[in-house]
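Let me begin by presenting the structure, written as structure tokens, before commenting on it.
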Amino acid sequence: MRIATWNITGLRARLGFFQHWLRERQPEVVGLQELKLSDDHFPHQEIEELGYRAVTYGQKSWNGVAILSRMPLEIVHKGLPGPRISARAFSPREPETSASAAFTARTEKPSSTPTSRSSSRGLDALADHFERCHTTSEPLVLGGDFNLCPAPLDSWNETALAGHIFHTDAERTRFRRLLDWGFEDVYRKLFPETQTFSWWDYRAGAFHKKQDLRIDFLLATRSVMQRVRGAEIDREYRKKKDGLIPSDHAPVFFDME
DNA sequence: ATGTCGGAATTATTCCGA
């Protein structure tokens with residue numbers, strides 16, 4: 001069973017590309033971010049033709065998440081509380097295996113003043129949610145675009161970028177809170193030393209210049225982790241396919257028994 | 001070469017945000 005996450009960067013503009021990937025990779029569950037459409041514009045018919053049902057939490061123009069599944073989905077939670085929180089979560093539950101969540105975490109640019117809040121209140125809201133509503137003994141998967149590099153290995157140039165956006169201690173501390181609670185970073189757990197990336201800025205030719213970051217993750221609790229047999233960051237799908245333009249993020253997935 | 005996109009506002013071009 002394959003579980004995936006992907007910041008698709010505009011599902012309407014990406015539909016053909018996404019369908020290509022679904023056919024090729026055959027994931028069982030996919031968390032999508034940055035749909036950039038409201039729920040009434042979600043292409044349910046096209047998705048169902050490929051055997052998936054989707055639960056959506058969209059937003060006009062920006063953000064918006066969905067979970068697609070070939071298994072039955074039940075919505076047990078939608079959205080996160082708190083003012084000005086841009087992270088959003090679903091927790092569809094499938095009877096025997098897993099709950100899953102997809103979200104987008106926005107990172108604010110750290111200001112020059114040392115007292116400024118630096119980043120990702122969405123991550124705090126997410127950690128609050130799991131602490132309040134779940135236990136680590138549950139089989140849980142949390143996937144999304146976290147907009148941060150957890151460690152120097154996850155950046156193409158930690159030396160130059162340390163302290164800057166994606167590379168601040170504040171961001172890393174917030175991310176660590178999810179790990180301390182009981183999540184494992186699946187890809188990193190399987191490949192502790194491998195430098196692999198998931199995002200390349202559209203601007204300035206970052207993909208070709210190898211200006212790359214790993215900011216998209218699938219996190220899993222221990223009972224899921226024990227069943228994981230492989231993980232991949234799908235860099236092939238950061239490239240053009242049949243002339244179709246890719247997202248600026250690569251899909252990330254793992255396989256479990 | 002800032003090697004770019006997607007979407008909205010407004011009607012094929014410009015602006016904005018990432």
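Convention: sequence-line order gives letters A, B, ...; per-chain numbering from 1.
Ring geometry for Phe130(A) against Trp181(A) counts as tilted: the plane angle lies between 30° and 60°, on a 0 to 90° scale. In this pair, Trp6(A) and Tyr237(A) present their aromatic rings perpendicular. The plane angle is above 60°, beyond the 30 to 60° band. Using cut-offs of 30° and 60° for the angle between ring planes, the Phe42(A) and His44(A) rings count as tilted. Note: Phe146(A) and Phe217(A) have tilted aromatic rings, judged against thresholds of 30 and 60 degrees for the angle between ring planes.
Distance, Asn7(A) CG to dG6(B) C1': 12 Å, rounded to whole Å. Nucleotide dG6(B) holds its P atom 17 Å from the CD atom of Gln33(A), rounded to whole Å. To the nearest angstrom, P of dG7(B) lies 8 Å from CG of Leu37(A). If you take CD of Gln59(A) and P of dG17(B), they are 14 Å apart, rounded to a whole angstrom. Nucleotide dA18(B) holds its P atom 10 Å from the CG atom of Asn147(A), rounded to whole Å. Note: CG (Asp248(A)) to C1' (dG6(B)) measures 10 Å, nearest angstrom.
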Taking only nitrogen or oxygen atoms into account, show me every contact under 3.5 Å that the protein makes with nucleotides 3-5 of chain B, one pair per line with its distance.
{"unit_1": "dG3(B)", "atom_1": "OP1", "unit_2": "Lys209(A)", "atom_2": "NZ", "d": "3.3"}
{"unit_1": "dT4(B)", "atom_1": "O4'", "unit_2": "Tyr202(A)", "atom_2": "O", "d": "2.7"}

Mind listing the N/O atom pairs, protein and nucleotides 10-16 of chain B, below 3.5 Å?
none

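Rounded to whole Å, the P atom of dT2(B) lies 22 Å from the corresponding atom of dA18(B). dG6(B) sits 25 Å from dA1(B) when the P atoms are compared, rounded to a whole Å. Across the C1' atoms, dA12(B) and dG7(B) are found 15 Å apart, a figure rounded to whole Å. To the nearest whole angstrom, the two P atoms, one in dT10(B) and one in dC5(B), are 26 Å apart. Nucleotides dC16(B) and dT11(B), compared at atom P, are 16 Å apart to the nearest Å.
The pair Arg227(A)-Glu257(A) does not count as a salt bridge, with every side-chain nitrogen at least 4.0 angstrom from each carboxylate oxygen. Note on Asp248(A) versus Arg203(A): no salt bridge recorded, every NZ/NE/NH1/NH2 to OD/OE distance being 4.0 Å or above.
Taking the syn range as angles within 90° of 0, the glycosidic angle of dT11(B) is syn.
Each of Glu28(A), Glu46(A), Arg70(A) was scored for a side-chain contact (heavy atoms from CB on, under 4.5 Å) with Tyr52(A), with one residue passing: Arg70(A).
The side chain of Thr9(A) contributes no N or O atom lying less than 4.0 Å from OP1 or OP2 of dG6(B).
Annotation: cation-pi geometry not satisfied between Arg214(A) and Tyr187(A) (NZ/CZ under 6.0 angstrom from ring centroid, within 45° of ring axis).
For Ser69(A) (side chain) and Met71(A) (main-chain N/O), a donor-acceptor pair under 3.5 Å exists by modelled atom type.
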